[in-house]
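Take a look at the structure below.
Residue numbering restarts at 1 for every chain, and letters A, B, ... go by the order of the sequence lines.
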Amino acid sequence: MTGATSIGLSVENLFAGYGETVVLDDVSLDVPAGGTLAVLGRNGVGKTTLLTTIMGFTTRHNGSVKLDGRAIENDPTHKRVLAGIGYVPQEREIFPSLSAEENLLVALRPGGWSVEAVYELFPRLAERRRNAGNKLSGGEQQMLAVGRALVGGPQVLLLDEPMEGLAPVVVEALFDALAKVRDESGVTMILVEQHIDLAIEFATDAIVLDRGKVVWRGTTEELGADEAMQASLLGVGVEDGG
Amino acid sequence: MNDPVNSNFENRGPAMANMNISMSPKSLGHLVPWAVAIAFFFLFPERLGQWTEILIWVLFTISMDLALGYAGIVTLGHAAFFGIGAYTAGLMSIHVTGDPIIGMVAATVLAGIAGLITGMLILHTTGVTLLMLTLAIAAMLENWANRATKITGGDDGLQGMELGNLFGIFEFNFFGVTAFWYALGVLFIWFLIAYRIVRSPFGRSIDGIRQNANRMRAIGTPVWWRLVVMYGVSAAMAGSAGALTSYKTEFVGLTVLQLLTSGIVAVMLILGGQKTIYGAFFGAAIYIMVRDTAAETYPFLSEAIIGIMLILVVLFLEDGVMSVPKILRRRPKKAAE
């Protein structure tokens with residue numbers, strides 16, 4: 001496991017989207033080293049686009065992304081990863097023809113977590129190491145997606161709705177593991193999440209996006225007290241369910 | 001549980017764990033193609049020419065499997081590297097040295113370098129664009145070889161190859177014994193290399209790139225560079241096959257660079273089965289045997305017979321001949337349900 005000192009990530013005046021379309025409209029945020037930022041908002045407001053832009057998959061029109069104060073917005077994706085960003089996409093995107101262990105091995109970088117350390121964090125994966133990627137349950141795939149990011153040795157971890165579609169007991173186990181990663185290794189995290197209560201419990205700070213703009217920012221404690229904002233987010237949650 | 005994608009990976013286990021070929025009963029299957037090749041040498045010495053041709057095409061097809069099968073590089077221009085290998089080996093024997101080992105190394109290295117350079121130029125593209133670029137490169141090379149009559153002999157082909165003895169002992173002669181063993185030896189070396197590559201972390205990352213290039217980027221893999229390396233290795237292998245073909249016939253004609261040559265190797269790969277390496281053995285052997293038998297029996301229908309065979313294979317054996325055991329294994333299960 002990495003004992004490296006934590007580093008933070010900041011985004012300044014970011015305009016980005018797909019081709020000419022602008023999804024992120026002047027987004028700024030700052031996650032201090034070791035901090036955890038929850039990104040909240042309804043569906044389609046740009047939460048995922050924020051993460052994919054940090055990874056370099058979208059068209060950036062303006063603004064900067066800084067890792068530990070160093071601008072990385074012009075780097076190709078794989079260099080951003082080598083610089084210390086780990087990404088757990090919403091779709092998990094496990095390679096189906098690779099075994100669980102191979103999914104980890106292809107992502108292994110010097111200075112990252114060892115495969116054994118990932119197995120220690122997620123003992124379930126050790127049992128399933130020989131299974132093909134598409135033979136894993138949703139929860140196992142999510143563990144593997146997190147593990148695959150960890151073996152790359154990230155100092156900043158981007159998590160896109162990691163709990164989506166998982167059983168409550170799995171959600172709990174996964175959050176415990178992520179908390180362990182954060183507390184023991186000092187990994188900075190940005191968590192996109194639909195469940196406000198989970199986000200409030202897990203993160204220290206939060207932003208709320210609406211139509212690509214940051215409409216609220218503060219600590220999760222403040223968000224817990226701001227019932228109006230919670231209600232507006234929750235209201236949408238109910239809508240989503242129906 | 002009948003998910004067709006899933007069932008492909010049953011009982012396979014992680015490929016990387018099986019890096020070493022051990023002597024368990026299951027892995028004895030690895031010996032079969034080699035045993036068959038050697039057996040045919042003794043059983044049908046009169047067909048040695050055909051067998052040498054098959055071995056050469058097996059090698060070429062494995063190189064195609066690395067590029068198209070494993071890396072997903074859609075190419076119809078692999079004849080370029082086959083041709084570079086063939087012409088390099090031919091020209092070396094005329095102008096530099098007749099030593100077949102030195103000529104082979106030169107052909108392999110030059111084809112590999114050509115693969116690396118053209119790969120750097122074209123591998124940022126995918127799909128149809130990439131296909132067109134590979135075609136264009138091969139077509140340009142063929143056109144050049146056709147015009148550069150002073151170097152290549154143009155349409156008449158490269159004549160006057162003077163081959164030395166293999167290891168200074170074995171003569172390349174009319175009987176083709178040396179050519180056969182040389183082809184088998186070169187194929188075996190390349191087979192071991194290919195077998196290792198596809199099971200190495202590098203090979204698995206290539207597999208990942210084919211499935212989801214962006215995901216590989218997001219775990220820190222320099223995708224373009226990996227593809228270029230794989231393309232270079234594949235091109236070097238195709239160059240070796242080209243060199244073997246020039247040693248076998250002691251002649252190099254323009255056909256080695258033609259689109260049809262690229263097409264045939266793709267057909268052999270699909271026939272045998274992609275992403276297996278062993279599929280190349282079946283694909284090349286079946287293609288050449290059917291072609292030759294058809295040409296002997298129904299000279300005017302041989303192309304049609306090959307065409308019909310290909311249609312049947314892609315219709316009923318999506319993953320080529322290599323998928324037959326898997327299909328047979330699945331049948332009884334279905335019946336039991």
Minimal non-hydrogen separation, G220(B) against H78(A), with atom names: C-CB, 3.5 Å
Any side-chain donor near an acceptor of the partner, D207(B) and S97(A), under 3.5 Å: yes
Close side-chain approach of M216(B) and F95(A), heavy atoms under 4.5 Å: yes
Neighbour count above 12 (heavy atom, 6.0 Å) for E318(B) CD: no
Side-chain heavy-atom pair L108(A), P201(B) within 4.5 angstrom cut-off: no
Segment of A107(A) engaging chain B (4.5 angstrom heavy-atom cut-off): both
Chain B interface, residue from G133(A), P89(A), A149(A) that has the most non-hydrogen pairs under 4.5 Å: P89(A)
Closest non-hydrogen atom pair between L98(A) and Q211(B), with its separation: CD1-NE2, 3.8 Å
Residues of residues 52-66 of chain A near chain B, each having a heavy atom less than 4.5 Å away: M55(A), F57(A)
Closest contact, heavy atoms only, S205(B) versus V106(A): N-CG1, 3.5 Å
Check: I219(B) main-chain N/O paired with R109(A) side-chain donor or acceptor under 3.5 Å: yes
Separation of E91(A) CD from R215(B) CZ (nearest 0.5 Å): 9.5 Å
Flag side-chain contact, heavy atom, 4.5 Å: E101(A) against R204(B): no
Heavy-atom contacts under 4.5 Å, residues 81-88 of chain A to chain B: V81(A), L82(A), Y87(A)
Atom OH of Y119(A) with >12 non-hydrogen neighbours under 6.0 angstrom: yes
